[in-house]
Amino acid sequence: MYDFRHAEDKWQRFWAENKSYKATRSGKPKFYVLDMFPYPSGKGLHVGHLKGYVASDVVARYKRACGFEVLHPMGWDSFGLPTERQAQRENTSPQDVTKRNIAAFREQLEAVALSYDWDREIATSDPKYYRWTQWIFSRLFEKGLAYTEEVTVNWCPAMGTVLANEEVVDGKYVETGDPVERRKMKQWMLRITAYADRLLDDLELVDWPKPIKRMQENWIGRSEGAKIKFQLVNDDRHVEVFSTRPDTIFGATYLVLAPEHELLDEVLQTAGLDLTEYVETARNRSELDRIAGASEEKTGFDTSLKAVHPVTKEEIPIWVSDYVLGGYGTGAVMAVPAHDERDFEFARTFDLPIPTVVVPARLFVLDWASKHIQLLQERSEALSIPFGSVLGTLIKAAEAHDGDKPLTQTALENILKDLKPGKHDSRLAVEALGNAINGAEAPSDEVFKATLARDWFGQQPSEAFTGKGYTVNSSHDTLQLNGMWTDDAIRSTAEWLTDAACGATHTNYKIRDWLFSRQRFWGEPFPIVLDDENEPHLLDDSALPVSLPDMDYTEFSDENMQNADGPVTPLGFADDDWLRPEINGRTFTRETNTMPQWAGSCWYFLRFCDPGNSSDLCNKDEEAYWMPVDLYVGGAEHATLHLLYARFWHKFLYDLGVVTSPEPFKKLFNQGMVHSTSYRDASGKYYYPDEVTKSDNSWSVIATGDPVSAQVEKMSKSKCNGVPPEDVISEYGSDALRLYELFMGPIEDGGLWDGNGLKGTKRFLDRLWTLAQNKRVPTLPLDGDLARHTHLTIQSVTEDIESFNLNTAVSAFMKLLNDAGKESELPDEFFHIFARLLQPFAPHFAEELWQTLGKEGSILNAPWPEHDPSLCEEDEVDVVVQVNGKKRAIIRIAATASQDVAETGARTEVPMLNESGFTARRVIYVPGKILNFVV
RNA sequence: GCGGGCGUGGUGAAAUUGGUAAACACAGCGGACUUAAAAUCCGCCGGCCGUUUAGGCCUUGCCGGUUCAAGUCCGGCCGUCCGCACCA
C-alpha cells in the first residue's frame, strides 16, 4: 500500500529545502500562471476554494516540465473589514489577526503541494507593499484622475462605510446582504469613466470567457446617440436630453425630468404640495424602494413648465417622474411614447398622445407586395398554396433574414424565389394576413392600403415599437425623414441638430466614476493631507509609505463610529502625532478615509514580478519578461469588480510607461462554485453533517431529534457544509484530493462534493503503486498494445492540459491503469512515462514512484514525455456497418482498407446485405469510422 | 423585461466537434478471500421484450426541420441557473 503520509512529509520538505519552484528570469520562454489571491479570513479554506488552485498548479507544473520558466506566485489580499471586526472581537490588532490568518492559510495551501514560489509571497497590508499602492494613487491624483466630490453615495449603515456601485446589487451590499442607503457625502473618486472606451474596446485583445466579457460590456454600457436641447417657453434656459433615437424626434410629445433635476429646485418653491412631496420623496428614496417601484405603475406630475420642440416649434409640456434617473445621461428625456416602452406606459397612465413615427420593415414588404401582386400570384399558383400564405411566409422570411437592416427589393425577390411549401414556419404571419387578405384570391390594392392603415395609422398602437424600421410622419420645413431607414434617419437628425445648434451626437456610458474611499481602519491610508480649508494636498513620494498608526482598536465600536453629523472614520481617533503632521512649518490634517479593499489587488500581479524592490514598484526588465499573466484562474464573481478595476489601473500604468502590455491578463478561466449538502432546521440554523442522521428518507438532529431539511448549496463555512482540506488529506492523502478536485468535472462547472468520490482517486493511486511493486520487469521493452495505449495517453493528457480539460486527463490515467492491470509483466519504461505524466497531478506520488524506479533526484527535473505518433497508429480498426443509418454490425478491417474491402467485410457480417432484392442506392464510407448502405 | 449559459443513466460525468451515446468513476447488486468487518480482487449495472443464450426495439427536456447519418447544426416551446435591470 502506498504510504501517502510518509511521501508527503518527505517530499514537501525536499521541495521547500531545494526551493524547487523558484522562478528566476532566464533565457527560457516564460509562463505566468496566477491564481486570484485569497482574502485570509479567520474561517480558513475549504475544498471548494482549492479547485482552481489545483487546476492552475497542474498547468504550472506541466509548463515547467515542458521547459518554460514558470512564475506561479501566491500572496494575500489582506486588507478588509472582517479582519478589523475580528480584531475588535478578540481585543487585538488587525495586524496580529492578519498574521495569524495568513499563517493558517499558508499551511493549508502547502499541504496541497501547490508549487508556489513562496519567496515571492506578498501581502497588500504590508507597508512595503502599500507604499506602492499609495504611489499609484499619487500618480492618479497628479493626472486629475483622483478627485473629491460631494456625491450621493451608497452608505451601508451595518458596515459603517460607503460602497462602490460595483459592490451594491439590488440595493444591498454584495458581500453581506446588508441594506444600502443613499446619502450625500464628500468622497474620493477615481475617474474610471475616462477609460471607458478603452476598457470596452480592448476586451477584444484578451482570451476570456464570453460571459465575463459580456458582463463588462454591459457594465460599461456604451450607447451612441445625441444630446438635444429643448428651449423653455418664455425663459432663456433650456433642458438638455440624451437619446439613442434622435430619429424619433417628431414623436417626442413631452419631456420628463428626473426628480433630482436641478431645474426643479426653483419650480418647487412655487409648486403645489403634491408635486413638492412627490419630488422630495423620490429624492430620498432608498435604492431598495426605487427598485421595488420599477415594476409598479408609472407615477409623475406635470410641472406646468413648457418647452419648445426644436423642429416643429410646438409647445410641449414638461413632466417629472422617478422613472427617469438623475444619474444617467442628462437626467432628462424627450418622451417618445410610441417607440419607448417606459414612455409608452407613462403616456398610457396619463392619457397622453402616442403618435407613430417609425413603422417596422413588415410595412415595406407589404408596400412592395402591393406593387408586385402579379409576381406573388404567380408564385402562389406555382406552389399551389394560398396567396395569403405566400405573403405571410415572405414577411416572416424577410424579418428572420435581415431583421436589423433595411430590406432591398432584390432581397425580397430572392426570398420569394427560394420559397418552398412548408419551408418556413409562417403560422403567425399567415394567420394574421390570411384573415386580413382573405385566402387564395389576390387582394386588390385597396385591401393592402386598408390593411396598412389599420395596422399602423388608424388606431392607437397596443405596444411600443422599439425596433428599427422606416420613418413616417416626420417631415417639417427643414428636416425631412419620411421613408428613411432608422440608421439613416438618426444620421440626418444628428446633422440637422448640429446645424441648428440645438444638439450633437453624443456617447453615453452607464459606468460611473469609482467611489474610492471607505470609512474604515484596515485599508491603505491616502497619501493626502488637508489644509485648513479642507483642500487636499498630495504628499511627496519621499513621505511614502503613509503607515497606519498604532491605535486602540476597541474604540471602534459602532456607537463611536456614528455621531450627529454623520459617520466618523476610525483614523479620526488617531493621536495628533499621526493625524496632524507638520510640513514645511505648516500643520495639516491627514485624510482619514482609507482606500477600498480593491486597491491592493489592482496591481499585485506586477509586484509578484519583483516583490522585494524598494526603489520601484517593479523593475522594468522583470516586468517586460514576466508580464502579461498568461493564465489567470479565479471566480466569476469578480467580473465587474476586481477584473474591471485591475484593467483600469493597468491601462493607467501603461500610459505612464510603467508596464509594457495594455492588458494584464491574457487568458482567464473561471472555476465554478463547489456545492455540497447542507442541513438546516426550521429556524434556519445550520448543522454539520456529523450532527444529523437519516431515517426513512428524512433527516434529523442526532442530539435533539429535531427535523432538518437537506439541500445542496454553495460550500461555505457559515452553512456548515464546507469541507476542510486537512480532514480529506489525513484520510485520503494530498494527491488523492488533488486528483478528485479535478476528476469531479470541468473546472468551470464547480460540481457537487461527494466524499465517496475520493475513494476512487485513492484507489487509483494504490493500484498503480501495487502494480509497480509486483509486476515491474526492468528489462522488458515497451511495445505492442501497451506501448500504443501509453503513447495515446501521452497525447491525450497533453492535449487535455493545454485545453484545461483536466477531468478527462484523470480518466485517461485510470483507463491506462485498467489496461496495464491485465498484463502479467510491465516494463520500466511504462512506469517512467506514467510517473512523468502524473507529476503535475499527483506530485508526491510521482516523486516516490520515480525514486522506486531507481531514478536519481527529483522527477521535477525530468522532461515532459513526448508521444511517438508511429506507435499510436493501429493496423486494424473498427468500422460500424449501418443500413439506413441504423447500426447493424461492427467489422474489424485494415485501417487503410478500400471501400470494396470494407463492403466485402460487411457482407460476411450482415446477412440482410446478401438478400436478393437488396440494392443500395448509395453507399457512404468514412474510412476508420463508418460504412452506411442507403436503400 | 433584456443579455448569456445549461438540460445525457440512481449520481459526478464522457463523446475525436456531424460518424458505435453513456468512456472513466461513485453508489448499488452478486461472488471470492476472511471467524467477522474493513480493505482488496472478480463479475453485473439506461429502459422494455426475450426463462438463460442468441437477438430485437426504444433512449441525450419536448415538438418540428436539415442530413446517408443529429446529444452535437437550424426553428419553436418547456424547464433551470447566472448576470443586468425604469440606462432613454
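Protein chains get the first letters and strands the later ones, always in sequence-line order, with residue 1 at the start of each.
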Colleague: Strictly by modelled atom types, are Glu240(A) and Thr330(A) linked by a side-chain donor-acceptor pair under 3.5 Å?
Modeller: no
Colleague: Can you check the Lys213(A) NZ to rG5(B) P distance for me, whole Å?
Modeller: 14 Å
Colleague: In whole angstrom, give me the gap between the C1' atoms of rU80(B) and rC62(B).
Modeller: 15 Å
Colleague: When the distance from NZ of Lys762(A) to C1' of rC26(B) is rounded to whole Å, what number comes out?
Modeller: 16 Å
Colleague: Nearest to the side chain of Asp878(A), which nucleotide is it out of rG4(B), rG12(B), rU20(B)?
Modeller: rU20(B)
Colleague: I need the CZ-C1' distance between Arg767(A) and rC24(B), as an integer number of Å.
Modeller: 11 Å
Colleague: For RNA chain B, whose closest nucleotide is more 5', that of Gly745(A) or that of Thr640(A)?
Modeller: Gly745(A)
Colleague: Under 4.0 Å between a side-chain N or O of Arg763(A) and OP1 or OP2 of rC26(B)?
Modeller: yes
Colleague: Taking any strand in view, what nucleotide pairs with rA69(B) in a Watson-Crick or G-U wobble way, both distances under 3.5 Å?
Modeller: none
Colleague: Less than 4.0 Å between a side-chain N and a carboxylate O, is that true for Arg788(A) and Glu874(A)?
Modeller: yes
Colleague: Taking for each residue the nucleotide of RNA chain B with the nearest heavy atom, is it Ala258(A) or Lys815(A) whose nucleotide lies nearer the 5' end?
Modeller: Lys815(A)
Colleague: Is any side-chain heavy atom of Arg245(A) closer than 4.5 Å to one of Thr486(A)?
Modeller: yes
Colleague: Write down the distance separating the C1' atoms in rC63(B) and rG7(B), rounded off to the nearest Å.
Modeller: 16 Å
Colleague: More than 12 heavy atoms of other residues, nucleotides or ligands under 6.0 Å from CD of Glu341(A): yes or no?
Modeller: no
Colleague: Could you check if a side-chain atom of Arg283(A) sits within less than 4.5 angstrom of a side-chain atom of Val279(A), using non-hydrogen atoms only?
Modeller: yes
Colleague: Considering only the P atoms, how many Å lie between rU72(B) and rC6(B), rounded to the nearest integer?
Modeller: 13 Å
Colleague: Taking pairing as Watson-Crick or G-U wobble with both contacts under 3.5 Å, can you name the mate of rA13(B), or confirm there isn't one?
Modeller: none
Colleague: Does OP1 or OP2 of rG3(B) have a side-chain N or O of Arg214(A) closer than 4.0 Å?
Modeller: no
Colleague: What nucleotide, of rG1(B), rU20(B), rA13(B), holds the atom closest to the side chain of Glu341(A)?
Modeller: rG1(B)
Colleague: In whole angstroms, how far is the P atom of rC86(B) from the CZ atom of Phe242(A)?
Modeller: 17 Å
Colleague: What integer number of Å spans the C1' atoms of rG65(B) and rC26(B)?
Modeller: 39 Å
Colleague: Touch check for Arg222(A), heavy atoms < 4.0 angstrom, all strands: base, sugar-phosphate only, or nothing?
Modeller: nothing
Colleague: Compute whether any side-chain donor of one residue and acceptor of the other, for Asn508(A) and Ser223(A), lie under 3.5 angstrom apart.
Modeller: no
Colleague: So, Tyr509(A) and Thr193(A): side-chain donor and acceptor under 3.5 Å apart, yes or no?
Modeller: no
Colleague: Quick one: label Asn807(A) by what it contacts on the DNA or RNA (base, sugar-phosphate, nothing), any heavy atom closer than 4.0 Å.
Modeller: sugar-phosphate
Colleague: So what does Ser321(A) hit on the nucleic acid, given a heavy-atom distance under 4.0 Å: a base, only sugar-phosphate, or nothing?
Modeller: nothing
Colleague: Starting at atom CG of Asn218(A), determine the distance to atom P of rG5(B), rounded to an integer number of angstrom.
Modeller: 13 Å
Colleague: Consider only side-chain N and O atoms of Asn932(A) and Arg922(A), and report whether a donor and an acceptor are under 3.5 Å apart.
Modeller: no
Colleague: Mind calculating the distance between NZ (Lys886(A)) and P (rG56(B)) to the nearest angstrom?
Modeller: 11 Å
Colleague: Counting only side-chain heavy atoms from C-beta out, which of rA25(B), rG19(B), rA15(B) sits nearest to Val926(A)?
Modeller: rG19(B)
Colleague: In terms of side-chain heavy atoms of Ser223(A), which of rA88(B), rC84(B), rG3(B) is nearest?
Modeller: rA88(B)
Colleague: Determine the contact category for Asn818(A): base if any of its heavy atoms lies under 4.0 Å from a base atom, sugar-phosphate if only primed atoms, P, OP1 or OP2 are that close, otherwise nothing.
Modeller: sugar-phosphate
Colleague: Write down the distance separating the C1' atoms in rA22(B) and rG12(B), rounded off to the nearest Å.
Modeller: 13 Å
Colleague: For atom C1', what is the distance between rC73(B) and rA69(B), given to the nearest Å?
Modeller: 13 Å
Colleague: Closest to the Pro746(A) side chain: rA14(B), rC86(B), rA25(B)?
Modeller: rA14(B)
Colleague: Need the glycosidic conformation of rU17(B): syn if within 90° of 0, anti if not. Which one?
Modeller: syn
Colleague: If we take the C1' atom in both rG61(B) and rC81(B), what is their distance in whole Å?
Modeller: 15 Å
Colleague: Taking OP1 and OP2 of rA88(B), is either one under 4.0 Å from a side-chain nitrogen or oxygen of Tyr328(A)?
Modeller: yes
Colleague: Would you mind classifying the nucleic acid contact of Glu217(A) as base, sugar-phosphate or nothing, using non-hydrogen atoms under 4.0 angstrom?
Modeller: nothing
Colleague: From C-beta outward on Asn756(A), which listed nucleotide comes closest to its side chain: rA14(B), rC84(B), rC26(B)?
Modeller: rC26(B)
Colleague: Since syn is defined as within 90° of 0, does rG9(B) count as syn or as anti?
Modeller: syn
Colleague: To the side chain of Met814(A), which of rU16(B), rC24(B), rA88(B) is closest?
Modeller: rC24(B)
Colleague: Would you mind reporting whether Val47(A) and Tyr740(A) have side-chain heavy atoms less than 4.5 Å apart?
Modeller: no
Colleague: If you look at every strand shown and take non-hydrogen atoms under 4.0 Å, does Val923(A) touch a base, only sugar-phosphate, or nothing?
Modeller: nothing
Colleague: Hey, is the side chain of Asn932(A) pairing donor to acceptor with the base of rC68(B) inside 3.5 Å?
Modeller: yes
Colleague: Which whole-number value in Å describes the distance from Met673(A) CE to rG83(B) C1'?
Modeller: 13 Å
Colleague: The side chain of Val333(A) is closest to which nucleotide in this list: rC26(B), rA88(B), rU20(B)?
Modeller: rA88(B)
Colleague: Mark yes or no for a side-chain to base donor-acceptor pair under 3.5 Å between Lys298(A) and rC86(B), with no hydrogen or angle criteria applied.
Modeller: yes
Colleague: Applying a 3.5 Å limit to both distances, which nucleotide forms a Watson-Crick or G-U wobble pair with rG79(B)?
Modeller: rC6(B)
Colleague: Please determine if Glu345(A) and Arg348(A) form a salt bridge, counting it only when a charged side-chain N lies under 4.0 Å from a carboxylate O.
Modeller: no
Colleague: Calculate the interatomic distance between Gln216(A) atom CD and rG3(B) atom C1'; express it in whole Å.
Modeller: 15 Å
Colleague: Mind checking the C1' distance from rU11(B) to rG18(B)? Whole angstroms is fine.
Modeller: 29 Å
Colleague: Out of rC84(B), rG19(B), rC86(B), which nucleotide sits closest to the side chain of Gln882(A)?
Modeller: rG19(B)
Colleague: Any base atoms under 4.0 Å from Val934(A), or only sugar-phosphate, or nothing? Heavy atoms, all strands.
Modeller: sugar-phosphate
Colleague: Phosphate oxygens OP1/OP2 of rA27(B): is one of them under 4.0 Å from a side-chain N or O of Lys759(A)?
Modeller: yes
Colleague: Name the nucleic acid region contacted by Leu752(A), choosing base, sugar-phosphate or nothing; use a 4.0 angstrom heavy-atom cut-off, strictly under.
Modeller: nothing
Colleague: To the side chain of Thr808(A), which of rG19(B), rC84(B), rA14(B) is closest?
Modeller: rA14(B)
Colleague: Does rA85(B) have a Watson-Crick or wobble mate here (both distances under 3.5 Å), and if so which one?
Modeller: none
Colleague: Partner lookup for rC41(B), please. Criteria are Watson-Crick or G-U wobble with both distances under 3.5 angstrom; report none if nothing qualifies.
Modeller: rG31(B)
